[in-house]
Colleague: 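Would you mind keeping the following structure in view while I ask a few things?
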Amino acid sequence: MSSPEIVSSSSRAKITPALLIWARERAGLDQTKVAKKVGVKPEVIQSWERGESAPTFRQLEKLANILHVPFGYLFLSHPPQSVANLPDFRRLPKSELGRFSPELETVLNDAKRKQAWLREWRIEESFPPLSFIGRFSPSVSPDIIAQDIRRELSLPFPTAYRLKTWRDHLNQLVTHAERAGIVIIRNGVVLSDNHRPLNLEEFRGFNLPDAYAPLIFINAQDSIAGQIFTLAHELAHLWIGQGGVSNPLSTLDPTDVSDIEQVCNRIAAELLVPSPIFLEKWSYHFLDPSDALDYAQRLAKDFKVSVLVILLRAYELRRLNEDTFRRAYQQAQEAIPKLAEETKGRANYFSTWQARNSKVLVEEVFSALQQGRALYLEAARLLNTNLATLEKAFRRYQQGRL
């Protein structure tokens, strides 16, 4: 029997030049930046991309890490199929719609993997389908849909009633949604890699409707107030059965969005800031944007939402004219970076880990482990952790401390 061939790290890797170009452009890097990271001249990268020469296996390993692609991808004849097929509701030029960064693509694929496992598990467990997924047409009044969300999730009226902080409001919304069977993932990085933050300008959230395992992902790079609205917005998407990637209230003109996004914004606003209560509190017709902004900040504290949501609510309910609204909204947007820093908080390791995977998913995976119907290695991969951390978390779960 012949001995297996050992590939030297200095051997040349016969990669597909088109795949290298695809991976580099997908990562948003030019040839000069890639060359610097690999430790070669830009002309060498150009030569590899033209197929005139090839990298060593050691250089190829560096390329795979830099471009965030599996090592084997660069040997494929064609680029792998992306996660496209997921509607893109972001306000972008048509040429950019459906184009996702490696970071967003990775978390989308991870969410789909989690959803597939949970769907299969729940069907095996005779989990009843969730009747509220896709229950309404987008043409139904936002008031009716918001009222149904509130009823199904057993939420108070308004949702922040008697709560002290924005974080309390977010936690309550997440808890009630997960009790209803919805997976809520809150993460600001790629899986568990703290060196790869998610870009808030690219997306704030997405949702994957499913009768057995509906899933919402919230970009935790956002402020707590921003996450609250994104969660409400994505819940609206589930109720009308329209899955996709969203970036709600991210532009200077929140009315310049697709019809579906306008519908979901209105449902979310009605859920968080019910019109009857809002109109009782905001009975004025401000003409000065600074006065409008000051009053919006007061009501934002009452409803535990962002100032942007209050201003949009005032405009849609005809408490602000268009000019005053747009000027106040722009002033509020300019203050967002500072507010985001003030409203972010810290949590302990296991709380963060659980939020990054969803409490409901973690509990159902651990239930499968406890029954001997899932392997530890499978669970660790599904929850993006190592075996040692998984075992610690599982012990905490069994002790009721997770």
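Any value given below was found using the heavy atoms of this structure, including those in side chains, with hydrogens, waters and symmetry copies removed.
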Colleague: Using a 6.0 Å cut-off, check whether atom OH of Tyr161 has over 12 heavy atoms from anything other than its own residue.
Modeller: no
Colleague: Do the non-hydrogen side-chain atoms of Val38 and Val34 ever get within less than 4.5 Å of each other?
Modeller: yes
Colleague: Using a 4.5 Å cut-off on heavy atoms from C-beta on, say whether the side chain of Gln398 contacts that of Gln370.
Modeller: yes
Colleague: Do the side chains of Asp168 and Lys304 get close enough for a salt bridge, i.e. N-O under 4.0 angstrom?
Modeller: no
Colleague: Heavy-atom distance under 4.5 Å between the side chains of Ile218 and Glu234, does that happen here?
Modeller: no
Colleague: Taking Arg196 first and then Glu103, would you say they form a salt bridge - that is, a charged N and a carboxylate O separated by under 4.0 Å?
Modeller: yes
Colleague: Does a salt bridge link Asp148 with Arg151, judged by any charged N lying under 4.0 Å from a carboxylate O?
Modeller: yes
Colleague: Can you measure from CG (Leu402) to CZ (Arg395) and round to the nearest 0.5 angstrom?
Modeller: 12.0 Å
Colleague: Dump the intermediate steps for salt bridge (charged side-chain N to carboxylate O under 4.0 Å, His left out) on Asp323 and Arg327, then the final yes or no.
Modeller: CA-CA 6 Å; Asp323 179 63; Arg327 287 195 289 160; 3.2 Å; yes
Colleague: Are the side chain of Glu261 and the backbone of Pro248 linked by a donor-acceptor contact shorter than 3.5 Å?
Modeller: no
Colleague: Between Gln115 (side chain) and Leu208 (backbone), is there a donor-acceptor pair under 3.5 Å?
Modeller: yes
Colleague: Does Leu191 offer a backbone N or O that forms a donor-acceptor pair with the side chain of Asn187 under 3.5 Å?
Modeller: yes
Colleague: Return the CG to CG distance between Leu271 and Asp143, rounded to the nearest 0.5 Å.
Modeller: 11.5 Å
Colleague: Would Gln371 and Ser367 count as having a side-chain donor-acceptor pair, cut-off 3.5 Å?
Modeller: yes
Colleague: Quick one: pull up CD in Glu391 and CG in Asn386 and give me the separation to the nearest 0.5 Å.
Modeller: 9.0 Å
Colleague: Between Phe303 and His169, is the ring centroid distance below 6.0 Å?
Modeller: no
Colleague: Heavy atoms, side chains only, cut-off 4.5 Å: are Glu364 and Glu125 in contact?
Modeller: no
Colleague: Step by step, would you call Thr106 with His68 a side-chain contact (heavy atoms from CB on, under 4.5 Å)?
Modeller: CA-CA 9 Å; Thr106 299; His68 301 301; over 6 Å; no
Colleague: Side chains of Ser358 and Glu178: is there a donor and an acceptor less than 3.5 Å apart?
Modeller: yes
Colleague: Just checking Arg113: does its CZ atom have more than 12 heavy atoms from other residues, nucleotides or ligands closer to it than 6.0 angstrom?
Modeller: yes
Colleague: Could I get the full list of side chain to side chain contact (heavy atoms under 4.5 Å, CB included) partners for Lys114, not counting sequence neighbours?
Modeller: Asp110, Ile185, Asn357, Leu361, Leu382, Asn384
Colleague: Under 3.5 Å, is there a donor on one side chain and an acceptor on the other for Asn321 and Thr324?
Modeller: yes
Colleague: How many angstroms lie between atom CH2 of Trp282 and atom CG of Leu317, to the nearest 0.5 angstrom?
Modeller: 10.5 Å
Colleague: Taking it one step at a time, do Glu43 and Lys41 satisfy salt bridge (charged side-chain N to carboxylate O under 4.0 Å, His left out)?
Modeller: CA-CA 5 Å; Glu43 292 78 15; Lys41 294 181 179 180; over 6 Å; no
Colleague: For Gln147, look at atom CD and say whether over 12 heavy atoms of other residues, nucleotides or ligands are found less than 6.0 Å away.
Modeller: no
Colleague: Let me know which of Val189, Val107, Asp222 forms a side chain to side chain contact (heavy atoms under 4.5 Å, CB included) with Leu198.
Modeller: Val107
Colleague: Look at the side chain of Thr385 and the backbone N and O of Ala380, then say whether any donor-acceptor pair between them is shorter than 3.5 Å.
Modeller: no
Colleague: Is there a donor-acceptor contact under 3.5 Å linking the side chains of Ser131 and Arg135?
Modeller: yes
Colleague: With salt bridge (charged side-chain N to carboxylate O under 4.0 Å, His left out) as the criterion, how do Glu270 and Arg266 come out once you've worked through the C-alpha distance, each side chain's angles and the decisive distance to 0.1 Å?
Modeller: CA-CA 6 Å; Glu270 182 63 35; Arg266 288 170 183 156; over 6 Å; no
Colleague: Could you tell me whether a side-chain N or O of His237 sits under 3.5 Å from a main-chain N or O of Gly243, the two making a donor and an acceptor?
Modeller: no
Colleague: Looking at side-chain heavy atoms only, is the closest gap between Leu118 and Asp210 below 4.5 Å?
Modeller: no
Colleague: In the structure I gave you, are the side-chain heavy atoms of Val365 and Trp117 within less than 4.5 Å of one another anywhere?
Modeller: yes
Colleague: Answer whether the closest heavy-atom distance between the side chains of Glu49 and Ile45 falls below 4.5 Å.
Modeller: yes
Colleague: Are the side chains of Trp22 and Thr16 in contact, using a 4.5 Å heavy-atom criterion?
Modeller: no
Colleague: For Arg318, does the CZ atom sit with more than 12 other heavy atoms under 6.0 Å from it, leaving out its own atoms?
Modeller: no
Colleague: Strictly by modelled atom types, are Arg90 and Asn247 linked by a side-chain donor-acceptor pair under 3.5 Å?
Modeller: no
Colleague: At what distance, to the nearest 0.5 angstrom, does CZ of Arg150 lie from CZ of Phe157?
Modeller: 5.0 Å
Colleague: Hey, is OH on Tyr284 packed in by over 12 heavy atoms from elsewhere, all under 6.0 Å?
Modeller: no
Colleague: Could you check whether any side-chain N or O of His176 sits under 3.5 Å from a backbone N or O of Leu153, counting only pairs where one atom can act as donor and the other as acceptor?
Modeller: yes
Colleague: So that I know where these two stand, are Phe127 and Tyr212 an aromatic pair - ring centroids less than 6.0 Å apart?
Modeller: no
Colleague: What is the ring orientation for Tyr376 with Phe394, classed by angle as parallel under 30°, tilted 30 to 60°, or perpendicular over 60°?
Modeller: perpendicular
Colleague: Has Ser101 got a side-chain atom pairing as donor or acceptor with Leu104's backbone, closer than 3.5 angstrom?
Modeller: yes
Colleague: Are the side chain of Thr56 and the backbone of Ser11 linked by a donor-acceptor contact shorter than 3.5 Å?
Modeller: no
Colleague: Which atom pair, heavy atoms only, marks the closest approach of Thr230 to Gly205?
Modeller: CG2-CA, 3.9 Å
Colleague: State the CZ-CG distance between Arg313 and Leu308, to the nearest 0.5 angstrom.
Modeller: 14.5 Å
Colleague: Applying side-chain contact (heavy atoms from CB on, under 4.5 Å), run through Trp353 and Leu383 and close with a yes or a no.
Modeller: CA-CA 9 Å; Trp353 177 78; Leu383 301 176; 3.8 Å; yes
Colleague: I would like to know whether Leu235 and Leu231 meet side-chain contact (heavy atoms from CB on, under 4.5 Å); could you show each step before the answer?
Modeller: CA-CA 6 Å; Leu235 286 170; Leu231 175 52; 4.2 Å; yes
Colleague: Under the side-chain contact (heavy atoms from CB on, under 4.5 Å) criterion, do Glu52 and Gln46 qualify, and how do the steps go?
Modeller: CA-CA 9 Å; Glu52 297 170 351; Gln46 293 169 12; over 6 Å; no
Colleague: Would Arg373 and Glu124 count as a salt bridge (charged side-chain N to carboxylate O under 4.0 Å, His left out) here? Give the steps.
Modeller: CA-CA 11 Å; Arg373 293 168 58 191; Glu124 288 178 359; 3.4 Å; yes
